[in-house]
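Lettering of chains follows the sequences in order, A, B, ..., and the numbering in each one begins at 1.
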Amino acid sequence: MNLTDIFFIIFSLIAFSSALLVVFIQDLFKSALMLVVTFISVGGIFFLLNAEFLGVIQILIYAGGIAIIIIFGVLMTKDMATANTSNIFMFINGQICLLFFVLLSYFLINEEWFLLDLVNSSYAEQAKNLFSNTTDHLATLLLKNWVIAFEFSSVLLLAVIIGSLAIVKDKNE
Amino acid sequence: MDVADLIYIGSEIIVAVTATLTLLMGIFSGRYIIVKIVSLLGILSGLIYAVGLWFVSTSYVFYNTIHANQLSVFFKILVLVTLLLVITGSYDYSKYFGKLRVEYLSLMMYSSVGMMLLPASNDFITAYISLELIALPLVAVIAMTKEEYSIEASLKFLIFSAISSAFLLYGIVLLYGFSGSTNFEVIAHILSNTNLDSNISIVLIAILFILGGVGFKVGIVPFYMWIPDVYEGAPTPVVAFLSIASKSVGFALLIKVFLIAYEFADWTFTISIIAALTMIVGNAGALLQDNTKRLLGYSGIAHAGYILIGIACFSQIGTSTGQVAVIFYLLTYAFTNIAAFYSLMNISLSTNSYSIQSYSGAFFNNKFASIVLMISFLSLIGLPPTSGFLGKLYLFNAAIKSELIWLVLFGVINSVFSAYYYLKVIKTLFDSDIEIIKYQTSRSYSLNIVLICALLGVLILGVYPDPFLRLLETSLSS
Amino acid sequence: MSLESVLTLSAGLFAIGLFGVLTKRNLIAVLMCIELMFNAINVAAVGISRYIAPSMFRIAGSDLNSEQVDLILSGHVISIFSIAISAAEVSMALAIIILIYRTKNTVDISDINKMSG
Amino acid sequence: MFEIELIISLIFVTPLIVALINSLFITLSDNTNVKIGSYLSIMGIFISFILSIYIFSLAYGDDHYKINASFEWFSIGNLPVLFGYYVDFVSASMLLVVTSVSLLVQIYSLGYMKGDKGLVRYFTYLSLFTSSMLGVVLSINILQMYFFWELVGVCSYLLIGFWFDRNSARNAAKKAFLITRIGDVGFLFAILLIFSNGLSFLDKGLNPLIIQDILLMTGDLSTTIIFLVSIGLIAGAVGKSAQFPLHTWLPDAMEGPTPVSALIHAATMVAAGVFLLVRFFDFISASSTSLLIIAVIGCTTSLLGASIALVMNDIKKVLAYSTISQLGYMFMAIGIGAPAIAMFHLVTHAFFKALLFLGAGNVSHAVHSFEMEKMGNLKDKMPVTYYTFLLGSLSLVGIFPLAGFWSKDEIINTAYQGTNLASTIVLFGSLIGIVMTAFYTFRMVFLTFNHRIQPKVNATIEESPKSMLFPVAILSVLAVIIGFLINPPIDLPFLEKHWFLHYQHHKVIDINLAIALVSTLLAGLGITAAWIFYKNRNITDRLFASINMSQVLHKKWYFDYLYEIVIVKQIFYRFITRITQIFDDVIINHPSDFVGYFAKNLGRPVSLFQNGSVQFYGLVLTIFYALVVTLGVLLLYVIS
């Protein structure tokens, strides 16, 4: 067991337990904070998976951006903040989701994945090079291969800004 | 990337630019009619561009993420024609949007950009972005009348869409994990060339997860549950747009996904069962409704079931017959649904009430809209000489060639029973026993023009469909 | 640390998020759980991207050029777009939640079921 | 040949154009009572009529007369669907029947519908109906036939519900539409089944949609397919021709204006089912079981209809059940393998039944009611109506030498000559039917016109205007002579002996005097019985009250009850919608009921199922996905 494994175990335990806390804590404010913890530990896992760019993005956007917006939303509706109860389906939901998790993970573990070979394959050298510096290659991919998706996601973000403004605006003003 | 590739997404660019321009003009110009005309001109030029694109040869562009073929151009044209009709006809309705009517125009256009991109996409990431680009602006538009029901519809749509898109994305990731790629053609190639024995379950799970994300758009069992609620609450033009354009491009993606999936296994039986369930759920649900929009929601579910019959016969007779049937049905359904929703909207423009009782005696106040409503409902039942009949005939013909006789029989019986609830509405139109609700006689010329166009579409496709079918067949064979 | 463990973590986070979406009554909590689901998907995508052989290798089975090897990072691309879109979804959802809060003075999802049948 | 094609097109297109012009009148003008619309409509049908005579004169004298004219309409795969005309002797005679009855009915309507608000709308519908009925008759292609077949149904829907401000009219229209649709499912299914064997057609260079090609292929198809297709066609014909068990719509359809009943529900549209079977006779007759089924259906319907007609008090209802019964005769004729005779009876029936309906229209125009209780002693007030009505009745009963006699006698005679089971059934059925027909017909005549039965005098009653009497008079002449003219038992100077049957290649059987005598005697028996029964009404009423049969008949053998209450309300509504009802109504709206339901039925405390919100929808999705994953794991387990 090397250092990466240990870090992975630590991070995934944190992520897992804080995710559980997000769901089960009654105080909405605290559960939003737990969400930030989950995001950060998932970001840590991204670093372990040689995805440093995504790790940074994760911490910047999720932990820094989205979580803040959510906390903002919690504060806007603050008289509701403690009313974070579960509905009546809780037990049946719990059973089904547990079943879903068990089956899905059983299946994912037993599946024969066609794995990357970084030792003796024809692309081993290039792949090692790739994982040493993913950000460069990712930039190429985004702006070259998926340029259409990239550009149209900007259209999407524009549309969403207009949309959320239109939702919040009063229609008779 | 070659800059010349941009010609293949020209109409998307035109419409997106028009949407932004509309918004800016809305800020700086007070005259709504001018803004509206500019946006209509923009859509029209996008449409003309798309028609021109029909004659450009097929190719893979943008590193295989876009497959520009005539089929995708066909869907572009369908979406833009729908958008043009929807926006033209909603001039008088837009009073319910208040000051937000410019945002309404703009967001509808942004959503249609996604709809145009989706049938052309050849890659799951692009397809996913397009799906979200379709859904998210519509979430905003649905809530825009700021009435209790429309806000609720918007929230339900958003949450349901989020859950199903999460599953869709999980499916994409799993399929990517199996094949190492997100490209449709690469995945199909790997599926047809790999010994699947050890990987059969991951492909099954991935494809069914993806089916969920797409099935949400088109409303098949068990992903239909948002439809009645959202159709009831959302503004009528948006519902018409959702039920036509969004559903059509959903089917375009479903066709693509199943062209891949049939490389892996024979899905005929599964799809047949889902089709049968969808038909029965839609028709049974519609029987008890007393809100016409909700009724049309359930009827839309039933029609998704009919269309699935066409997809069920993909594997057995070559895919072409099934595809022609599905696409022709979508074309007929587009005009029929525009006619149905807009004639309902025309009648209840002043009351904004869509309960069936509120239509009693409507014939005496608004003859033209009532006749259009009657013809469109007859088309939904599937009677000649309306286009609904030929659409069903093509589907059933394809299914019979694939020896799915039981499914055809089921579909025919379903369409007969569906006549019950459609006729219930038609009957109410001629009701005069109850005291007639006095409608404010508002003549809306733009709405009537749209109704005439839709009616012509319904009748021409029903009486002389040959040119359209020829076009479809050539576009599919290329 | 292996693909299986990463995928198990992702499945767990996904299931927890799903449970929350189906269970929480506060709309903002539902929103947070949707974010958890998307995060789980990101973990899976990045993990698969790290451990899965490139597709071109299976088709060709031999030498790959560097562009084809770059496609190993497709999973990262999926995550980036998923992050962007979930950010968009959050802002849209928060706008609706605020609208609901203003009009109905509630953020309880079980109060929002006027339409049924 | 070009001119012929043009003429045939004109026959069919003229009423259509008239309908379009009239519909423009309606949309453009708020005043829908435009006289010119009705004259235009009559002009249109007159042109069709003249041209039909021309076509018929071509077909007469040439017993292999056929015209094919078509162009490609659209194609399904590599299969061209042709739109065109096919005219032979049968369709030429149908053309003549449809256009002539339609012409007379439209002239009649000028008087009958005078002053109605929707006069132009009425004539528009009539023109549209005539056009689509001609479309059915002329179709070369089975799909085209179905197309017009449904259009005819829609026109019928519109015309039955013409006075849509009456609730009963709207309900009747809806019922007619839905019940005939059930039959149409069979027709559509037959078409699709033929499609599914399209490849074997194409191998032989035939087109599976052309009616004549289907008949040519009969020998090469398997007997199962032929039987199934025949059953489908029979179902279609049963729906349209109001045969048992789909007959319940026709009496209700009498809610429409009376001329409409004369045209659509007596002479033309209901005959379309018979026409369909005649067209496909060569195909259907390849399976003797189908013929037996047709004969049994015809016999059942004819006796059922006649028996209900015995006790109806509404003059139009009597005529409606009589129509059902007479259509049963046509089915019986087909069932014993004599389609030519079915056509013969169709033609004679069209004229005398149209006459009877128009006569009933005259009567109701005068007394403003259809109830026979309110009539009586109209003979003196309305002599023309009385005598024409009497002629029509005698023709219906089949008294020598009126039209009905010739055709009915041919049916009985052929059945008598036949040896198989169907013939026996038909022989007895038709003989019993004659007594009942005579009884109900003359019961109707006596109750309406005879002063000795109902000596009521209403001073205000007047004979109908000339525009209404003129068509009636013409029809009465036709009801007398048409039977003799179109199938003369002897050579006439200008007509060959038995030419009508001869041109349809039917083996002609000479008249059998014994049979003719028996049938006339039976008819006489029925008339006498009616006279005796209604001369002493009190005794009759008590007699009828004492046997419960009368009650059964009054309730129309409980068919309406069966369809509406049992099938639609109980089975269909309760059973099928129960599923969604439980889901939508109980789970979502009444959680406590749902708990009670499960507590009672399953004993499980599933109180958790309460909320019908979007989270519940998500739960359903999740259950589906969990099932998918389970399936995946199972597959994994099976493979490893």
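For the pair Tyr51(C)/Leu49(A), a side-chain contact is recorded, criterion being any heavy-atom separation below 4.5 Å from C-beta on. The shortest side-chain heavy-atom distance between Ile57(A) and Ile80(C) does not fall under the 4.5 Å cut-off. At least one side-chain heavy atom of Phe46(A) sits under 4.5 Å from a side-chain heavy atom of Val43(C). Between Val6(C) and Phe8(A), the closest side-chain pair of non-hydrogen atoms falls below 4.5 Å. Two residues are said to be in side-chain contact when any heavy atoms from C-beta on lie closer than 4.5 Å; Val23(A) and Thr23(C) fail this criterion. Between Met76(A) and Ile97(C), the closest side-chain pair of non-hydrogen atoms is not below 4.5 Å. Side chains of Tyr123(A) and Gln68(C) form no contact here, defined as non-hydrogen atoms less than 4.5 Å apart.
Heavy atoms of Leu108(A) lying under 4.5 Å from chain C belong to its backbone as well as its side chain. Residue Phe16(A) touches chain C through both its backbone and its side chain, counting heavy-atom pairs closer than 4.5 Å. Interface remark: Leu118(A) contributes side-chain atoms only to the contact with chain C (heavy atom separation under 4.5 Å). With a 4.5 Å cut-off on non-hydrogen atoms, Leu20(A) touches chain C through its backbone and its side chain both. Looking at Ile109(A), the atoms closer than 4.5 Å to chain C (heavy atoms on both sides) sit in the backbone and in the side chain alike. At a 4.5 Å heavy-atom cutoff, Ala67(A) makes no contact with chain C through either its backbone or its side chain. Residue Thr38(A) touches chain C through its side chain alone, counting heavy-atom pairs closer than 4.5 Å. Only the side chain of Leu156(A) has a heavy atom closer than 4.5 Å to any heavy atom of chain C. Residue contact with chain C, scored on non-hydrogen atoms closer than 4.5 Å, involves the side chain of Leu141(A) exclusively. If you measure heavy-atom distances from Asn110(A) to chain C, you find no contacts under 4.5 Å at all. Neither the backbone nor the side chain of Asp117(A) comes within contact range of chain C; no heavy atoms are under 4.5 Å apart. Of the two parts of Ser49(C), only the backbone, made up of N, CA, C and O, holds a non-hydrogen atom closer than 4.5 Å to a non-hydrogen atom of chain A. Contact of Ile70(A) with chain C is made through backbone and side chain together, with heavy-atom distances under 4.5 Å. Both the backbone and the side chain of Leu7(C) have a heavy atom closer than 4.5 Å to some heavy atom of chain A. Of the atoms belonging to Phe53(A), it is side-chain heavy atoms, and not backbone ones, that fall under 4.5 Å from chain C. Within the 4.5 angstrom heavy-atom criterion, only side-chain atoms of Phe81(C), from C-beta onward, approach chain A. With a 4.5 angstrom heavy-atom cutoff, Phe100(A) touches chain C only via side-chain atoms. Ile96(C) touches chain A through backbone and side chain together, each having a heavy atom under 4.5 Å away.
Sorted by first and then second residue, the side chain to side chain donor-acceptor pair (under 3.5 Å) pairs involving residues 49-62 of chain A (not counting sequence neighbours) are Glu52(A)-Thr134(A), Glu52(A)-Thr135(A), Gln58(A)-Asn39(C), Tyr62(A)-Ser86(C).
A donor-acceptor contact shorter than 3.5 Å links the side chain of Arg102(C) to the backbone of Val168(A). A donor-acceptor pair under 3.5 Å is absent between the side-chain atoms of Asp70(C) and the main chain of His137(A), judged by distance alone.
Closest non-hydrogen pair, Ala51(A) versus Val46(C), comes out as CB-CG1, 3.7 Å.
Put simply, of Ile6(A), Ile161(A), Thr4(A), Leu35(A), the one with the most heavy-atom pairs under 4.5 Å next to chain C is Leu35(A). Most heavy-atom pairs under 4.5 Å with chain C: of the set Leu104(A), Asn2(A), Ile45(A), Leu138(A), this distinction falls to Leu138(A). Counting heavy-atom pairs under 4.5 Å between each of Phe150(A), Tyr106(A), Phe131(A) and chain C puts Phe131(A) at the top.
Shown here is Lys171(A), whose NZ atom has more than 12 heavy atoms of other residues, nucleotides or ligands within 6.0 Å. Around CZ of Phe101(A), the count of heavy atoms belonging to other residues, nucleotides or ligands within 6.0 Å exceeds 12.
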